[in-house]
Protein chains: 2
Amino acid sequence: MARPREFDEHQALTAAMQVFWEKGYEATSLSDLTSAMGIQRPSLYSTFGDKESLFQAALSLYAERSLAFIQKKLESAPSAKAAVLLYLQGVVSSADGHRPELGCLCVNTMVELAPHHQGFTQFTRVYQQQITELIQSILEKGKQSGELSETLYAPALASAIVISAVGLAVTMKSNPDITLVEQAVQQIILLLD
Amino acid sequence: MARPREFDEHQALTAAMQVFWEKGYEATSLSDLTSAMGIQRPSLYSTFGDKESLFQAALSLYAERSLAFIQKKLESAPSAKAAVLLYLQGVVSSADGHRPELGCLCVNTMVELAPHHQGFTQFTRVYQQQITELIQSILEKGKQSGELSETLYAPALASAIVISAVGLAVTMKSNPDITLVEQAVQQIILLLD
DNA sequence: TTAGTTTTGTACTGAACAGTACATAATGGT
DNA sequence: ACCATTATGTACTGTTCAGTACAAAACTAA
C-alpha cells in the first residue's frame, strides 16, 4: 500500500560493510556509503538510521558471517591441530576471495573505536571471546580424542591462539614478508604439541 | 635576530604524539592538537607542516622511544626467556605510566593508515621488523648460552612473538579479562622451551 | 480513478574541518 | 633608537561533513 523499496536491504548492508572494512569508520563518508550501496541519502537514513547505526549493523553482519565461516572451517578439519592451522592460515591467506590486507573488521574496530565507545568495546571483546570459545572447544575435543596432551590448559591456549590471530590480521595490513608470517604461523601451532 | 619561539618543539611534538595515540589520526582535529600542544595554528604549520607531516614526526618519535625502551628492557633481563616475558608483559601491564588500553601507536597506525598510504605501510612494517630483530637477537644469545635449544629457529620464533605482541596490544583496547590475557602470555613463552 | 502512504531524488542546512592572510608583538644586529 | 626578521594571535577562507526538508514519484486499497 505504498511505494515499494527499490533496493535490497541486505545487499546494501553488505556493500556498506565492505566500505567500512576497507576505509574504517571515520574515513568513510556518507557519500562513499551511498555510492557503494547504490542508494540515496534519505533512503539510507530511513532504513539504517545514522552513520553509527549503519556501522553497528554492518559490524554485526560481519561478526555473524565471520563466526559462521570460522566455525564451519574448524569443523571441516580432520584434527584439532589441522583446525587451528586452517584458522590461522585463513587470516593470512588470499583464498576464498579474502583480502588479508584489509585485516578483520572487528579487529579494525577494536583499534579505531573501542577505546572511545563502550558499545564497540563490548561488542569487539565478545566477538573475540566467541572465537576463543570455538578454538577452546576444538582443543577440548583434541584432548578427548587423545590427539592433544591432557595437561594442556585449553582456555589459556585458545586465548593465546586468538590473540596471535589478531596480531596476524593486523600484521597483514603492513604488506609483510609472507614467508616469515607463514613461518610464524608454524611456530604458533607448535603450542599444541 | 628575530622573535624567539615561545614553546619547546620537542615538548609540543610529544603532546601531539599523545593526542594521536589516544584518538587516532582521522579523529584528531587541528584544534585538538593546538590545544594539547599549547600553541597556535600558524605556529604548528610553520614548525611541523601540515597534519600529516606532524603525524609522521609524532610517529617517528614514538617509534624511536619505543624501540629504545624495548631494547633497554630486553637487555636488562637475566635470560632470554625472562626478556621475552618482560617484553610481552610490558605490552599488557600498566607499569611505567603505560596505558595498555591505548595500544601501540605504530600498531594503531598499521590498522588505520597503512592500507591507504604507502609511506605508513612501510614505516610500520619496518618498525615491526626492527622489534623482531631485537627479539631474534635475544633468542640467538639464548641459544649460544645454552639456555635455549639449538634446534630453535630464531627468525620464525621472533616473528611469532612479535605478532603475538601486536595481538596483545590490540586486545588490550577492548577491555579484556586481564587474567586470561596473562595466561595467554604464559602460553606464548612456552614456545621458548 | 482517486486517496493515502511510503520511497526516491534534489537540494539544502549549519557545523566542523584543514589550511592561511594579516596585523601585531618580540627579539637581535647595527 | 631603529630596522629586519621571525613568532604569535585573530580571524578568515573554501571545502567537506552528517543530517534533513520537500516535492515528485510509485505503489495499494478502495
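Labels below follow one simple rule: chain letters A, B, ... track the order of the sequence lines, proteins then strands, and each chain is numbered from 1.
Going from atom CZ of B:Arg41 over to atom P of C:dA21 covers 14 Å, rounded to whole Å. Straight-line distance from the CZ atom of B:Arg5 to the P atom of C:dA25: 21 Å, rounded to whole Å. Atom-to-atom, CG of A:Asp50 to P of D:dG19 comes out at 5 Å; the value is rounded to the nearest Å. In this structure, B:Ile39 atom CD1 and D:dT6 atom C1' are separated by 15 Å, rounded to whole Å. Taking atom CG of residue A:Leu30 and atom P of nucleotide D:dT15, one finds them 20 Å apart after rounding to whole Å. If you take CG of B:Leu33 and C1' of C:dG19, they are 13 Å apart, rounded to a whole angstrom. Regarding B:Glu52, its CD atom lies at a distance of 18 Å from the P atom of C:dC17, rounded to whole Å. Rounded to whole Å, the distance from CG on B:Asp32 to C1' on C:dC17 is 11 Å.
Candidate nucleotides D:dT5, D:dA25, D:dA11 were compared by shortest atom distance to the side chain of A:Arg3, and D:dA25 ranks first. Of the candidates C:dG9, D:dC27, D:dT20, C:dG9 carries the atom nearest the A:Glu6 side chain, counting heavy atoms from C-beta on. With D:dG19, C:dA18, D:dT10 as the choices, the nucleotide that has an atom nearest any side-chain atom of B:Gln40 turns out to be D:dT10. Which of C:dT5, D:dC17, C:dT20 sits closest to the side chain of A:Ala2 comes down to C:dT5. Which of C:dA18, D:dG19, D:dT6 sits closest to the side chain of B:Lys51 comes down to C:dA18.
Residue contacts shown for A:Pro42 include a base, since a base heavy atom lies under 4.0 Å away. When heavy atoms are screened at a 4.0 angstrom cut-off, A:Thr28 is found touching the sugar-phosphate backbone but no base atom.
Each of B:Ala27 and A:Phe7 was assigned the nucleotide of DNA chain C with the nearest heavy atom; the assignment lying further toward the 5' end belongs to A:Phe7.
Aromatic pair B:Phe120/B:Phe55: ring centres closer than 6.0 Å.
By the 30° and 60° cut-offs, the orientation of the rings of B:Phe48 relative to B:Phe7 is tilted.
A:Arg125 has no carboxylate O lying under 4.0 Å from a charged side-chain N of B:Asp177, or vice versa, which leaves the two without a salt bridge. Using a 4.0 Å cut-off between charged side-chain N and carboxylate O, A:Lys141 and A:Glu147 make no salt bridge.
Cation-pi geometry between A:Lys51 and A:Tyr25 is met: under 6.0 angstrom from the ring centre, within 45 degrees of the axis.
For the OP1/OP2 pair of D:dA7 and a distance below 4.0 Å, the side-chain nitrogens and oxygens of B:Ser43 include no atom meeting the criterion.
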